[in-house]
Amino acid sequence: MHILIFKTNITSRRKVKEVSPRMNHHPLIADWSIDLEDIDNVLRIEAKNTLVEKEVISLIEGCGYVCEELPD
């Protein structure tokens, strides 16, 4: 397992619910959360090692939101 961290524009619980089905049913994602209190609305994902950043970005952008990898 590895951790992926992203900056998003997901700013409310309603928006989190919109992305939940895609995130919850993705076979490589073990757990995920969005910190609505953080200025960057950080998406944190625990995933199998084969999940890549581009796939997560496409997943979130497919729901109509912005997602970009946060540098270390």
Measuring from [X]:[atom1] to [Y]:[atom2], what's the distance to the nearest 0.5 Å?
X   : Y   : atom1 : atom2 : value
N9  : I60 : CG    : CD1   : 9.5 Å
K7  : E68 : NZ    : CD    : 5.0 Å
E18 : S12 : CD    : OG    : 7.5 Å
L59 : C67 : CG    : SG    : 8.5 Å
I45 : L28 : CD1   : CG    : 10.5 Å
C63 : R22 : SG    : CZ    : 4.0 Å

* After noting the C-alpha distance and the side-chain angles of E55 and V52, does the key distance pass the side-chain contact (heavy atoms from CB on, under 4.5 Å) rule? -> CA-CA 6 Å; E55 189 173 352; V52 294; 4.1 Å; yes
* Asked: So which heavy atom on E37 is nearest to which on D35, and how close?
  ->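 E37 and D35 have their closest heavy atoms at N-OD1, 3.0 Å.
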* Asked: How far apart are the closest heavy atoms of L51 and V56, and which atoms are they?
  ->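 Heavy atoms only, the tightest pair is CD2-CG2, 3.7 Å.
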Student check: side-chain heavy atoms of [X] and [Y] closer than 4.5 Å:
X   : Y   : answer
I34 : V42 : no
D40 : L70 : yes
E53 : F6  : yes

* Please check if L36 and L43 belong to a single hydrophobic cluster, counting links between Ile, Leu, Val, Met, Phe, Trp and Tyr side chain heavy atoms closer than 4.5 Å. => yes
* Any link between V66 and V16 through a network of hydrophobic side chains (Ile, Leu, Val, Met, Phe, Trp, Tyr) touching at under 4.5 Å? -> no
* Take atom CD1 of I3 as the centre, draw a 6.0 Å sphere, and report whether it contains more than 12 heavy atoms from other residues, nucleotides or ligands. =>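 Yes.
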* Asked: Should we say atom NE2 of H2 is surrounded by more than 12 heavy atoms from elsewhere, each under 6.0 Å from it?
  ->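 For H2, atom NE2 is crowded (more than 12 foreign heavy atoms under 6.0 Å).
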* **Short N-O contact, R44 and E46, less than 4.0 angstrom** => yes
* side chain to side chain donor-acceptor pair (under 3.5 Å) between S58 and K54, worked out -> CA-CA 6 Å; S58 292; K54 285 174 45 174; over 6 Å; no
